[in-house]
Amino acid sequence: MNFSSPMGTAAVLQDMNISVGHHEFVSVLGPSGCGKSTLFNIIAGLIEPSEGKVTVDGLSDSGRIGQCGYMMQRDLLMPWKTVAANVALGRIVKGYPRSEALNAARKILDRYGLGEYADHYPNQLSGGMRQRAALARTFLAAEEILLLDEPFGALDNLTRLRMQSWLLDVWQDSEASILFITHDVDEAIRLSDRVYVLTERPATVAVTLEVGMERPRPYEIVLTPEFASYKTEALNHLHTGAGALFGSEQPDS
Amino acid sequence: MDKKLRLRGGISATLPPLLFGIGVIAFWELWTIITNSDPRLFPPPSDVANAFIDDPSLYIRNAKTTAIEMVLGFGVGAVVGIALGLLVTYSKPLRRAVYPWLVISQTIPIPAVAAVLVTWFGFSILPKVIVVALIAFFPISVSTTDGLVSVDSQMIQLMRTFGANRVQIFREVRIPHALPHVFTGMKVAAAFSVLGAVFGEWVGARGGLGYLLLIKNRSVNTDDVFAIIAVLATLGVMFFGLITLIERLVIPWHFDNRAEDT
């Protein structure tokens, strides 16, 4: 699949070929500004690729919109809705009766440890809680395929590690397939079954790492030699692009 | 748990202006005594209070007339303002054609318009309602447009990933986002609607505080004039307070932000 900017001049994504199977956790790792978010916008159906095809559960073209749960970098919780109403939003939009959607939201919030905050407004939650609520909303909107775009990017490092463990637990209890964007090498390797390492713009897959490490994977896994060898390989490919380090940074669109 | 805190905040918020007001009135009273000023030119606050106490029904009756003009005019202005805000947001050609005229309409001196309206509609309530509406619609339409346009585009994208249509995006995102802006416009309009009602009465009326003010001013009953001004100000503050109260009921989330920090 290819994608060029609307003006058709600069290629953003080139020969991008990735796939996610049932209940797989797959990460897309790349330098900031390489077009990772564009990739997700295409998969979610917000924009169409210039060439090529995206198939979600057998549906392509406009049929795929609404099939993926898409969590963007910002939690985008609406300040005018309670936490429960925010979490239920995807289902309400999809035509579930409001009360049924709200019940489902309460149930998932209970499981995510946010039960007592269901009737609070989002501004009353901490950063980590907001991300959990946003993930609950994503899960409820589409339980099978989740696109997570740097969901923990704005969190402090400790909260981030805790959120990773929590996400792995949540994912293992579900049937979901997850496609995860990050520019944190450790995060990608710790979480994923497979990591696609992307190049600078125009982004293409530099290498595919099949991460065969046992699950569950605690924090300390980052200290094992096996982990280090995956990390070395990922870093090597991240640094071989035309403009190593600060070569051709571009604002993410 | 922070109710007590908020209450204390309420007292600390109302106390300084209250003290300031009392200080100004006391200074004014003192000034008239020291300078021995002519009460017809500069009546002491005690005279003004007596003027009101002498015949409160006169003020209350006329205040009622003015209040009705304000509320009706504000209502019309709000409906027109919000409708214009929606039209200007959703129709580009309409925005191009109408928006400059909205601004131009605000450069026309309202008393001039009021005079024409009396020629057309006589001494009835209608010209006053129209004048108030003319003043009220503008801040409301501008703030409504502002609110509808300034929506977070990523929230709309999020709605689209759910497969939402335009109506759903409008209902779940645009309207709630715009409401605080709309209320800001309405509060400005509420404060100005006193002005509109008084202008409307000045060019031709048989009642109302603006009408009463003209009569009292002509007969140099300055203490009465000040009493009327005080009642007018009270009317404006009450109307502003009413809109603020409605705002708190309609968009509680907008005020619930500073709660517990966990």
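Sequence lines set the chain letters: A, B, ... in the order given, protein chains first and strands last, and positions in each chain run from 1. Since the structure is predicted, the reported quantities are computational estimates derived from the model, not experimental observations.
- Geometric assessment of Arg248(B) against the ring of Phe255(B) yields a positive cation-pi assignment under the 6.0 Å and 45° thresholds.
- In terms of non-hydrogen atom pairs under 4.5 Å with chain A, the most contact-rich of Arg171(B), Met159(B), Arg160(B) is Arg160(B).
- Both the backbone and the side chain of Gln154(B) come within contact range of chain A, with heavy atoms under 4.5 Å apart.
- Taking a 6.0 Å sphere around CZ of Phe192(B), one finds it holds 12 or fewer heavy atoms contributed by other residues, nucleotides or ligands.
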Test Glu48(A) against Arg64(A) for salt bridge (Lys or Arg N to Asp or Glu O under 4.0 Å), laying out the working first. CA-CA 11 Å; Glu48(A) 289 300 320; Arg64(A) 72 178 182 275; 3.5 Å; yes

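- When Pro176(B), Gly163(B), Pro180(B) are compared by the number of non-hydrogen pairs under 4.5 Å with chain A, Pro176(B) comes out ahead.
- Taking the ring centre of Tyr112(A) as origin, the terminal cationic atom of Arg132(A) falls outside the region bounded by 6.0 Å and 45° from the ring axis.
- Of the listed residues (Met71(A), Met78(A), Lys94(A), Arg91(A)), the greatest number of heavy-atom pairs within a distance under 4.5 Å of chain B belongs to Met78(A).
- Counting non-hydrogen atoms of other residues, nucleotides and ligands closer than 6.0 Å to CD of Glu144(A) gives a total of 12 or fewer.
- For chain A, the nearby parts of Leu158(B) are the backbone and the side chain; heavy atoms of each come within less than 4.5 Å.
- For chain B, the option among Leu89(A), Leu77(A), Val93(A) with the highest count of heavy-atom pairs below 4.5 Å is Val93(A).
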